[in-house]
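Okay, so here's the structure we're looking at.
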Amino acid sequence: RVPRFRAVVTDLDNTLYPWVDYIVPSLEAMVASLAATTGLPRVRIVQALKAVYSKYESNEYPFAIQESGIFEPYEADFDSFNALVLRPAREAFRASREKYLRPYPGVKETLDALRGRGLKVVGLTDAPRNAAELRLKHLRLDGHFDALYTLPGYPLPENVDPEIRKKEEAGHYKSRTPVVELPHDAEKPNAAGLARILEDFELGGKEVL
């Protein structure tokens with residue numbers, strides 16, 4: 001018998017787009033900017049950022065610079081640090097992301113074809129909500145999914161650019177796709193994320209590709 005599929009569940013990073021090809025040059029650009037604005041040696045910057053990424057168990061924690069040792073000498077003057085160090089670093093990362101982050105050929109057309117046949121299309125990623133949601137918006141893929149399941153996002157820290165806080169409160173970073181945050185222990189290969197999707201969409205395992 002030919003099974004009747006009702007939904008497709010797909011990973012995001014390195015499945016719909018080449019994550020490694022974008023994140024490596026983007027982080028390199030950010031580090032180069034920090035070296036230029038602070039005068040610190042590259043190895044010290046990398047070590048400081050690595051300590052924060054290790055703390056959060058993710059190299060996509062978006063506020064690593066202001067929580068690293070790089071910021072400690074400037075804690076009394078966040079506004080100057082933000083203007084002279086943080087913003088140039090974010091711009092360097094963003095410019096590199098614009099250059100390198102692209103979906104694989106045929107991704108948008110395939111997602112639309114699946115939904116056009118009446119199948120639900122659901123994303124399941126181990127990325128934190130902040131990063132996953134923003135990537136879908138950047139790639140203009142956020143309108144091509146029925147839902148996105150992620151690991152928990154990170155709240156804004158006390159020291160953050162006022163413009164970022166303003167955009168966050170206005171919902172600027174939210175995608176058009178409904179997002180569900182899974183607990184950290186649902187990280188793959190744990191099947192808890194898949195089980196939650198089956199429950200939420202009232203699907204049987206044999207109905208899902």
Side-chain angles (χ1 to χ4, degrees), residues 2-30 58-62 90-154 163-164 167-168 170-182 186-209:
V2 178
R4 179 177 179 270
F5 294 115
R6 294 175 56 202
V8 172
V9 177
T10 177
D11 188 22
L12 302 184
D13 298 341
N14 296 320
T15 300
L16 303 186
Y17 47 82
W19 180 81
V20 172
D21 291 354
Y22 121 79
I23 195 67
V24 171
S26 296
L27 289 174
E28 289 285 359
M30 185 178 78
S58 173
N59 60 359
E60 295 199 272
Y61 180 66
R90 285 204 314 272
E91 176 58 28
F93 185 99
R94 186 199 64 78
S96 185
R97 182 184 64 198
E98 290 284 342
K99 182 177 180 181
Y100 293 107
L101 183 57
R102 297 282 187 275
Y104 289 123
V107 164
K108 290 181 181 179
E109 294 80 3
T110 301
L111 296 175
D112 288 343
L114 290 168
R115 297 181 77 196
R117 294 186 182 191
L119 279 76
K120 298 292 185 182
V121 176
V122 182
L124 175 61
T125 177
D126 284 341
R129 175 174 183 157
N130 315 61
E133 206 168 12
L134 194 60
R135 271 200 289 281
L136 285 192
K137 281 179 65 72
H138 173 80
L139 291 165
R140 295 183 177 87
L141 292 176
D142 55 329
H144 299 257
F145 286 84
D146 293 282
L148 172 65
Y149 288 70
T150 75
L151 293 185
Y154 300 108
E163 186 66 24
I164 292 178
K167 287 183 176 181
E168 173 74 14
H172 173 79
Y173 300 112
K174 290 188 176 298
S175 73
R176 290 180 289 167
T177 299
V179 180
V180 176
E181 291 189 26
L182 299 169
E187 184 174 2
K188 293 176 275 188
N190 191 328
L194 287 170
R196 174 69 183 275
I197 292 170
L198 295 180
E199 179 183 355
D200 289 351
F201 284 87
E202 298 181 344
L203 296 163
K206 294 182 178 180
E207 298 176 302
V208 180
L209 184 65

Quick check: Y154 with Y61 (ring centres under 6.0 Å apart)? yes

R94 and E91 ion-paired at < 4.0 Å: yes

Any side-chain heavy-atom pair from M30 and L27 closer than 4.5 angstrom? yes

Verify side chain to side chain contact (heavy atoms under 4.5 Å, CB included) between T10 and L124, making sure each step is shown before the conclusion. CA-CA 6 Å; T10 177; L124 175 61; over 6 Å; no

Given R6, which partner from the list L203, V208, L209 fulfils the side-chain contact (heavy atoms from CB on, under 4.5 Å) test? L203

Between CG of L141 and NZ of K108, what distance do you get to the nearest 0.5 Å? 6.0 Å

Taking V8 as the fixed residue, which of L111, D146, L114 is the one that meets the side-chain contact (heavy atoms from CB on, under 4.5 Å) rule? L114

If you round to the nearest 0.5 Å, how far is CD of E202 from CD of E207? 10.5 Å

So do the side chains of R135 and L101 get within less than 4.5 Å of each other, counting heavy atoms only? yes

Test item: E60 side-chain N/O and A131 main-chain N/O as donor-acceptor pair under 3.5 Å: no

Where K137 and Y173 come nearest, the two heavy atoms and their spacing: CD-O, 3.3 Å

Looking at K188, I want to see if its NZ is surrounded by more than 12 non-hydrogen atoms of other residues, nucleotides or ligands under 6.0 Å. yes

For the residue pair V180 and T150, establish whether any side-chain heavy-atom pair is separated by less than 4.5 Å. no

Are side-chain heavy atoms of R4 and K206 found at a separation under 4.5 Å? no

Provide the closest heavy-atom pair for L182 versus G193 in the form atom of the first, atom of the second, distance. CD1-CA, 3.7 Å

Given side chains that start at C-beta, do those of L148 and V122 come closer than 4.5 Å, heavy atoms only? no

List the atom of G123, the atom of L12, and the distance in Å for their closest heavy-atom pair. CA-CD2, 4.4 Å

In Å and rounded to the nearest 0.5 Å, what is the CG to CD1 distance from N59 to I23? 6.0 Å

How far apart are the closest heavy atoms of G153 and E181, and which atoms are they? N-OE1, 3.2 Å

Taking every non-hydrogen atom, the tightest pair across W19 and N14: N-OD1, 2.8 Å

Would Y100 and D21 count as a side chain to side chain contact (heavy atoms under 4.5 Å, CB included) here? Give the steps. CA-CA 7 Å; Y100 293 107; D21 291 354; 5.7 Å; no

Gap separating the CD atom of E163 from the CZ atom of R90, nearest 0.5 angstrom: 9.0 Å

Determine whether E109 and H144 satisfy the following criterion, side chain to side chain contact (heavy atoms under 4.5 Å, CB included), listing intermediate values before the conclusion. CA-CA 9 Å; E109 294 80 3; H144 299 257; over 6 Å; no

Find the distance between CG (D126) and CG (D13) and round it off to the nearest 0.5 Å. 9.0 Å

Tell me whether the rings of Y22 and F93 are parallel (<30°), tilted (30 to 60°) or perpendicular (>60°). perpendicular

Roughly how far, to the nearest 0.5 Å, is the CG atom of D200 from the NZ atom of K120? 12.0 Å

Indicate the atoms forming the closest heavy-atom contact of Y17 with P103, along with that distance. CB-CA, 3.9 Å

